[in-house]
*Asks:* 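Below is a structure I'd like to ask you about.
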Amino acid sequence: MKVAGGRSVLEGIAIGPLRWFQPQRVQIPERSARTPEEELERLEQARRRAQAQLGGLYEKARKEAGADSAAIFQIHQMMLDDEDLLAAVRDPIRSRRVSAEYAVQAAGEHFAATLAAMEDAYMQARADDVRDVARRVVLLLAGEEERPVLREPVLLLADDLSPSETVQLDKSKLLGFVTRRGSVNSHTAILARTMGVPALMGVEVDPAWDGHMAALDGYSQRLYVDPTPELLSSLEARRRADREQAALLQALREEPSVTLDGTEIQVCANISGAAGLDLALQNGAQGIGLFRSEFLFLDRDRYPTEEEQFAAYRRAAEAMAGKPVVIRTLDIGADKRADYLGLEPEENPALGFRAIRVCLTRRELFKTQLRAILRASAYGSVSVMFPMIISLEEVREARKLLEECRRELLARGCVPGRVEVGIMVETPAAVLLADELAREVDFFSIGTNDLTQYTLAIDRQNPRLDPFYDPHHPAVLRMIQMTVEAGHRHGCWVGICGELGADLTLTETFLRMGVDELSVAPAAILPLRKKIRELDLGRT
């Protein structure tokens, strides 16, 4: 038996034969016998075909993994329209008479290397996306198409897998996959998690394992090649238990989130833009506790219009059919960048020009979003939430602009619904001012990711600080307790929408604190509901 370790993408067990996956390769001539005009025409035809293919992949991924995960293929389509990338391909075709295939591959590698060298983690993650897009166009230029085929249920071994390769695999035959490269935060990993496919990344895979029986243990983060009968029996028992647990969890979809002693709490979903709605509904979300509106602004070259934003917010409101939808206003900056906003690079963007600071400075941008939210409120239970608040003045100014927008809409004959107003509590300043802030708003939602970062003075995106980063730190929990108490003193309900909301080791702690709502990733809803229904707080 051979044992190899890696980084787990999804906890789970997969057992089956290994198959080595070799991506299609084509010969790429540097020079072309065609004229530059003929090469440019070939390029344009391949680009259009790639756009159409990506549209098909988006629809396939949306059905299998939800719109949130499928959005990567819309990003790929946008890359094919990027003028800088296209110029880097067309110029050498015109000036050096290179082949379209060579120009696409060279430009793709150049842009990917540039992105990979950046400090911004979001931009680094785009490197593999550029390579994936370039490879698709090169294959089409060479008269090939990407068709990964699985003829039987297998565990896939690969040096790497792109998002498009992953989504084209037959899910009924993909037991799991193991790759040498790849990040657990990559789009491929996100697709695997959403599709429910166990996967390990960062494993020193060996093509010689092809055809051998293996077991992937996502819990211990190990791959066992030719496992012993005893180990295989143990892992098969764990796999059966996982399946039984999944069936039990689905039975909780329509059940209330109530403890044994009758304490009720709302369990809602965090989603990115309008994407994720399907998954939220499939997992029985009692509302949308965090609609990350900034994802309507990312991966595009212009501001979203009021109509575009209104359509996304309305869709969420209508889909939730009267259940609450909390829309966080634009939280751009830090690790979320959009070039057209013209935000200058900062030495410490987490403490820089971001979120409410951008909105209060660029008021027309902010008011466009606020009008769209108010219009959507006529179609459901919509609330607005302001991020990164540190002062009363910010809340009052934001509310003033909200009322201006309401008056503008009424003058246009548009009547908004009632909109609750809340803030994200994610800075120590907001915690210490919570009593005063609670008099200004209807609710608090605690963003534990940033609150932990700012309370502990630790950059949560710096891997060297991982040993020091403790989201269970007593100071963080005390900050949460102080916020809950202050909110309740002044009639505000208080929720948690950061990652700690899904930490089942803290669920009882949060309920005893009096937290009213927990908003988590859709996949975490049912395990959280199960945990809540097993607790007895002794309040009967």
Side-chain angles (χ1 to χ4, degrees), residues 67 266 268-277 280-281 285-297 302-331 355-356 358-360 362-387 389 392-424 437-445 490-493 495 497 516-517 519:
Q266 290 287 105
C268 298
N270 298 335
I271 65 171
S272 301
L277 276 173
L281 292 167
Q286 293 171 285
I288 303 299
L290 174 61
F291 184 114
R292 300 184 183 96
S293 68
E294 60 272 13
F295 284 86
L296 296 170
F297 292 74
R302 61 174 178 80
Y303 295 96
T305 65
E306 181 180 322
E307 289 303 320
E308 287 174 320
Q309 293 186 65
F310 164 62
Y313 306 149
R314 174 179 173 175
R315 180 185 167 211
E318 291 180 330
M320 296 313 294
K323 295 176 182 176
V325 176
V326 177
I327 301 173
R328 180 175 70 187
T329 57
L330 180 61
D331 187 3
I356 197 67
V358 174
C359 292
L360 292 180
R362 303 186 179 188
R363 298 194 171 207
E364 282 310 310
L365 165 70
F366 193 27
K367 288 181 67 177
T368 297
Q369 179 172 39
L370 294 177
R371 284 194 298 269
I373 293 171
L374 287 168
R375 288 172 61 191
S377 69
Y379 297 88
S381 177
V382 172
S383 302
V384 64
M385 179 165 66
F386 305 126
I389 293 295
L392 287 169
E393 290 72 24
E394 289 170 339
V395 177
R396 289 168 179 166
E397 192 61 30
R399 293 203 69 147
K400 178 182 174 183
L401 292 173
L402 184 67
E403 289 310 307
E404 279 184 24
C405 291
R406 182 180 291 276
R407 290 194 296 272
E408 290 171 8
L409 290 173
L410 289 171
R412 284 161 43 179
C414 176
V415 181
R418 181 182 180 276
V419 174
E420 280 195 339
V421 176
I423 64 167
M424 291 280 289
L437 291 168
R439 297 188 183 101
E440 304 285 333
V441 297
D442 301 301
F443 66 92
F444 290 155
S445 188
H490 302 283
C492 283
W493 63 264
C497 63
D516 303 293
E517 178 229 46
S519 192

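Basis for what follows: all heavy atoms, side chains included, without hydrogens, waters or symmetry-related copies. The model shown is predicted, which means the values in this text are computed figures rather than measured ones.
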*Asks:* Would a 4.5 Å heavy-atom cut-off, applied to side chains only, mark Glu420 and Trp493 as touching?
*Replies:*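 Yes, side chains in contact.
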*Asks:* Could you tell me the separation between the OG1 atom of Thr305 and the OH atom of Tyr303, rounded to the nearest 0.5 Å?
*Replies:*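 Thr305 atom OG1 to Tyr303 atom OH measures 13.5 Å (nearest 0.5 Å).
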*Asks:* Are any of the side-chain heavy atoms of Val421 and Val384 separated by less than 4.5 Å?
*Replies:*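 Side-chain contact under 4.5 Å: yes.
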*Asks:* Can you find a heavy atom in the side chain of Phe297 that is under 4.5 Å from one in the side chain of Gln309?
*Replies:*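 With C-beta onward as the side chain, the pair touches.
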*Asks:* Check the orientation of Tyr313 and Phe291. Use parallel for under 30°, tilted for 30 to 60°, and perpendicular for over 60°.
*Replies:*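 Rings of Tyr313 and Phe291: perpendicular, over 60°.
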*Asks:* Regarding Glu440 and Arg399, does a basic nitrogen lie under 4.0 Å from an acidic carboxylate oxygen?
*Replies:*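 No, Glu440 and Arg399 are not salt-bridged.
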*Asks:* Going from SG on Cys497 to CG on Asn270, what distance comes out if it is rounded to the nearest 0.5 angstrom?
*Replies:*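 CG of Asn270 is found 6.0 Å from SG of Cys497.
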*Asks:* What is the minimum heavy-atom distance between Val415 and Leu410, and which atoms define it?
*Replies:*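 Smallest interatomic distance, heavy atoms only, reads CA-CD2, 4.1 Å.
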*Asks:* Backbone N or O of Gly287 within a donor-acceptor pair of the Gln266 side chain at under 3.5 Å?
*Replies:*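 Pair absent, no side-chain N/O of Gln266 close to backbone of Gly287.
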*Asks:* Quick check: closest heavy atoms across Ala269 and Ala285, and the distance to 0.1 Å?
*Replies:*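 So the two residues come closest at CB-CB, 3.9 Å.
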*Asks:* Can you name the nearest heavy-atom pair linking Ala355 to Asp331, along with the distance?
*Replies:*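 Closest approach of Ala355 to Asp331, heavy atoms only: CB-OD1, 3.2 Å.
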*Asks:* For a quick test of reading the model, state the closest non-hydrogen atom pair linking Gly289 to Cys268 and the distance between them.
*Replies:*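 Heavy atoms only, the tightest pair is N-CB, 3.5 Å.
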*Asks:* Do Met424 and Ile356 make a side-chain contact, defined as non-hydrogen atoms from C-beta onward lying under 4.5 Å apart?
*Replies:*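 Result no, sub-4.5 Å side-chain heavy-atom pair not found.
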*Asks:* Do Leu281 and Met320 have side chains that approach each other closer than 4.5 Å (heavy atoms only, starting at C-beta)?
*Replies:*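 When only atoms from C-beta onward are counted, Met320 and Leu281 do touch, with a gap below 4.5 Å.
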*Asks:* Quick one: does Ser377's side chain have a donor or acceptor within less than 3.5 Å of a partner on Arg418's backbone?
*Replies:*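 No, Ser377 side chain to Arg418 backbone: no donor-acceptor pair under 3.5 Å.
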*Asks:* Would a 4.5 Å heavy-atom cut-off, applied to side chains only, mark Leu277 and Ile288 as touching?
*Replies:*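 Answer yes - side chains close enough.
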*Asks:* Within a strict 4.5 Å, meaning less than it, do heavy atoms of the Lys400 and Glu403 side chains meet?
*Replies:*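 Contact flag for Lys400/Glu403 side chains = no.
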*Asks:* May I ask you to say whether Lys367 pairs ionically with Glu306, meaning some side-chain N is under 4.0 Å from a carboxylate O?
*Replies:*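 So Lys367 does not pair with Glu306 through a salt bridge.
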*Asks:* Between Leu401 and Arg363, which heavy-atom pair has the shortest distance, and what is it?
*Replies:*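 Distance-wise, the nearest heavy atoms are CD2-NH1, 4.0 Å.
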*Asks:* Rounded to the nearest 0.5 Å, what separates atom CZ in Arg375 from atom SG in Cys405?
*Replies:*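 Result: 11.5 Å between the selected atoms.
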*Asks:* To the nearest 0.5 angstrom, please state how far the CG atom of Leu360 sits from the CG atom of Leu365.
*Replies:*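 Those atoms lie 11.0 Å apart.
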*Asks:* Counting C-beta onward and ignoring hydrogens, is there a side-chain heavy-atom pair between Leu409 and Arg371 closer than 4.5 Å?
*Replies:*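 Yes, side chains in contact.
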*Asks:* Does this structure show an ion pair linking Glu308 with Arg302, if we count only N-O contacts that are shorter than 4.0 Å?
*Replies:*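 The answer is yes: the pair qualifies as a salt bridge.
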*Asks:* One pair to check against side-chain contact (heavy atoms from CB on, under 4.5 Å): Val326 and Phe443. What are the steps and the verdict?
*Replies:* CA-CA 10 Å; Val326 177; Phe443 66 92; 3.8 Å; yes
*Asks:* Rounded to the nearest 0.5 Å, what's the gap from CD on Gln286 to NZ on Lys323? Could you check?
*Replies:*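 Taking CD in Gln286 and NZ in Lys323, the distance rounds to 7.0 Å.
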*Asks:* If every non-hydrogen atom of Leu402 is compared with every non-hydrogen atom of Leu374, which pair is closest and at what distance?
*Replies:*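 That would be O-CD1, 3.7 Å.
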*Asks:* To the closest 0.5 Å, what do you measure between CD1 (Ile327) and OG (Ser383)?
*Replies:*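 These two atoms lie 8.5 Å from each other.
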